[in-house]
Amino acid sequence: MSGSQLWDDVDIYFASHLSPDDEALEAALRESEAAALPHIGVTASQGKFLQLLAQIQDARNILEIGTLGGYSTIWLGRALPPDGRLISLEYSAKHAEVATRNIARAGLDRVAEVRVGPALESLPKLADENPAPFDLVFIDADKVNNPHYVEWALRLTRAGSLIVLDNVVRGGRVLDAESHEPDVLGTRAAIELIATHPRLTGTALQTVGSKGYDGFALARVLP
């Protein structure tokens, strides 16, 4: 058995026991597939991990940067109380349309909304609304802008909030200090920002599974 097949099989085993897809989640995946959205969303186990983080945080306000088809949005939204709020920022109008339908089908349109446009344009507008601090920020968008997203997350959170940055390993390419690839440059800059910023403490973990070899960074906002 190849390594990748083994990773897939282990993922299926864990997901089937600990984070099985239900009708709404399965429909979100079907709709995303039918709309030819890229296969870059979180897995079921990763979605459950995000949900657990939000629950551990007792999150009432969540910010997601990068919606895709809304699969991760559903996992996060289910962690919120009835009066909670989730704002998800999505560049693509097509992706946002699919995600909005999926979120409504899951019964979460009362707490979750998708805003369309470049996140670096949407974030200043969001800040102008003076929202309640976000308890958790999940960043899973264009990697070149990762450091900017982390900086905005800091502005929109509070001491004790969590920032989760997805896809930081880049198949191991994050090691290449000589790389000129935008995704590597953005990811390395975000990691270095987490490492040096006086209001952040964090770590990064490598993962294997149905999405191959990757990982995530987790940062906590300090006073």
**Q** What are the two closest non-hydrogen atoms of G209 and D8, and how far apart are they?
**A** O-OD1, 3.8 Å
**Q** Find the distance between OG1 (T73) and CD1 (I87) and round it off to the nearest 0.5 Å.
**A** 12.5 Å
**Q** In sequence, state the C-alpha distance, the side-chain angles, and the governing distance for R85 and V111, and then conclude on side-chain contact (heavy atoms from CB on, under 4.5 Å).
**A** CA-CA 5 Å; R85 186 186 192 195; V111 297; over 6 Å; no
**Q** I need the K125 NZ to L89 CG distance, nearest 0.5 Å.
**A** 11.0 Å
**Q** State, to 0.1 Å, how close I74 and A28 come at their nearest heavy-atom pair, and which atoms those are.
**A** CD1-CB, 4.0 Å
**Q** Verify side-chain contact (heavy atoms from CB on, under 4.5 Å) between I139 and N146, making sure each step is shown before the conclusion.
**A** CA-CA 8 Å; I139 301 171; N146 273 341; 3.8 Å; yes
**Q** For the atom pair OG1 (T100) and CZ (R105), what is the distance rounded to the nearest 0.5 Å?
**A** 11.5 Å
**Q** Under 4.5 Å between any side-chain heavy atoms of V144 and L185, yes or no?
**A** no
**Q** If I compare all heavy atoms of R60 with all of P81, which pair ends up nearest, and what's the gap?
**A** NH1-CG, 3.8 Å
**Q** Return the minimal non-hydrogen interatomic distance between A190 and L165, and the atom names on each side.
**A** CB-CD2, 3.6 Å
**Q** Applying salt bridge (Lys or Arg N to Asp or Glu O under 4.0 Å) between R115 and each of E64, E129, E90, report the one that passes.
**A** E129
**Q** If two hydrophobic side chains count as joined below 4.5 Å and joins carry through other members, does V221 share a cluster with L123?
**A** yes
**Q** Please confirm whether the backbone N or O of V174 pairs with a side-chain atom of R188, one donor and one acceptor, at under 3.5 Å?
**A** yes
**Q** Taking the side chain as C-beta and beyond, is there a heavy-atom pair between I163 and L218 under 4.5 Å?
**A** no
**Q** Surrounding CZ of F216 (heavy atoms of other residues, nucleotides or ligands, distance under 6.0 Å), is the total greater than 12?
**A** yes
**Q** Compare all side-chain heavy atoms of L205 with those of V168 and state whether any distance is below 4.5 angstrom.
**A** no
**Q** At what distance, to the nearest 0.5 angstrom, does CD of E151 lie from CG of L156?
**A** 12.0 Å
**Q** Taking 4.0 angstrom as the limit, do E97 and R101 come out as a salt bridge?
**A** yes
**Q** Could you tell me whether the side chain of F138 reaches within less than 4.5 Å of the side chain of L136, counting heavy atoms only?
**A** yes
**Q** Does K94 use its side chain to pair, donor to acceptor, with the backbone of A35 at less than 3.5 Å?
**A** yes
**Q** Are L68 and P38 close enough that some pair of their side-chain heavy atoms sits under 4.5 Å apart?
**A** yes
**Q** In terms of heavy-atom contacts, does CG of D128 have more than 12 from other residues, nucleotides or ligands at under 6.0 Å?
**A** yes
**Q** Within the structure provided, determine whether Y71 and L25 are in side-chain contact (heavy-atom separation under 4.5 Å).
**A** yes
**Q** With sequence neighbours excluded, give me every side chain to side chain donor-acceptor pair (under 3.5 Å) pair touching residues 162-174.
**A** K143-N167, N167-D214, R170-D183, R173-E181, R173-D183
**Q** Name all pairs fulfilling the side chain to side chain donor-acceptor pair (under 3.5 Å) condition that reach into residues 29-45, sequence neighbours left out, sorted by first residue then second.
**A** E33-H39, T43-Q46
**Q** Could you see if L162 belongs to whatever hydrophobic cluster contains I194? Use Ile, Leu, Val, Met, Phe, Trp, Tyr and a side-chain cutoff under 4.5 Å.
**A** no
**Q** Show the nearest heavy-atom pair for residues V116 and S122, with the distance to one decimal.
**A** O-OG, 4.2 Å
**Q** Just by modelled atom types, is the D176 backbone N or O under 3.5 Å from a matching donor or acceptor in the S179 side chain?
**A** no
**Q** Given the rule that I, L, V, M, F, W and Y join up when any side-chain heavy atoms are under 4.5 Å apart, are L53 and L80 in one cluster?
**A** yes
**Q** Could you tell me whether the side chain of T67 and the main chain of G70 form a donor-acceptor pair under 3.5 Å?
**A** no
**Q** Group every Ile, Leu, Val, Met, Phe, Trp and Tyr by side-chain heavy-atom contacts under 4.5 Å, then state whether F134 and L86 land in the same group.
**A** no
**Q** Do L76 and L29 share a hydrophobic cluster, counting only Ile, Leu, Val, Met, Phe, Trp and Tyr and linking them when any side-chain heavy atoms are less than 4.5 Å apart?
**A** yes
**Q** Under 4.0 Å between a side-chain nitrogen and a carboxylate oxygen: does that hold for R158 and D135?
**A** yes
**Q** NZ of K48 to CH2 of W75: how many Å apart, nearest 0.5 Å?
**A** 5.5 Å
**Q** Can you find a pair of side-chain heavy atoms, one from F49 and one from L18, that are under 4.5 Å apart?
**A** no
**Q** Just so I know, are the side chains of L154 and R199 near enough to count as touching, which here means a heavy-atom distance under 4.5 Å?
**A** yes
**Q** Hey, mind stepping through I65 and N145 against side-chain contact (heavy atoms from CB on, under 4.5 Å) and telling me if it holds?
**A** CA-CA 11 Å; I65 303 176; N145 283 312; over 6 Å; no
**Q** What are the two closest heavy atoms between V137 and A153, and how far apart are they?
**A** CG1-CB, 4.0 Å
